[in-house]
Amino acid sequence: MQGGESCVGMPGRVWLLSAVAAGVLWVIALVTPDRGARTDAVRGGAFRAQLGFEALALCAILSHAQGVSGPRPEPPGQPFGAPVRRTHVRS
């Protein structure tokens, strides 16, 4: 499978570990029985931690994409911030 310029590699270990942790916490939250306040706290904590790990995975993906497709360099011979010449003539 081929991608464009911005589709280069995976975000790395932070993304992978946070995605795995979110998956494990999701399973824990789903299989914890509903038997009172203590199990409700376990399930609620697992869901909150899962959301946090998913947010971390999303940040890792977005920061990786920003680093890959960062700002484009200025064209050669034109200093940064120089006004752009217009070559077309309005009629």
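The basis for the numbers below is simple: all heavy atoms, side chains too, and nothing from hydrogens, waters or symmetry mates. Quantities reported herein were computed from a predicted structural model and do not represent experimental measurements.
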| Is there a path from Trp26 to Val31 through hydrophobic residues (I, L, V, M, F, W, Y) whose side chains come within less than 4.5 Å of each other? | yes
| message | Under 4.5 Å between side-chain heavy atoms, counting indirect links through other Ile/Leu/Val/Met/Phe/Trp/Tyr residues: same cluster for Trp15 and Val20 or not? | response | yes
| Can you tell if the side chain of Leu16 reaches within under 4.5 Å of the side chain of Arg13, non-hydrogen atoms only? | no
| said: Can you tell me how far apart CD1 (Ile28) and CZ (Phe47) are? Round to the nearest 0.5 Å. | reply: 11.0 Å
| message | Rounded to the nearest 0.5 Å, what separates atom CD1 in Ile61 from atom OG in Ser18? | response | 7.5 Å
| said: Donor-acceptor pair, distance only, cut-off 3.5 Å: does the side chain of Thr39 make one with the backbone of Pro33? | reply: yes
| said: Assess whether a salt bridge exists between Asp40 and Arg35, defined as any Lys/Arg side-chain N lying under 4.0 Å from an Asp/Glu carboxylate O. | reply: no
In residues 51-58, what donor-acceptor pairs under 3.5 Å come from side-chain atoms, sequence neighbours left out?
residue : atom : partner : partner atom : Å
Glu54   : OE2  : Gln50   : NE2          : 3.0

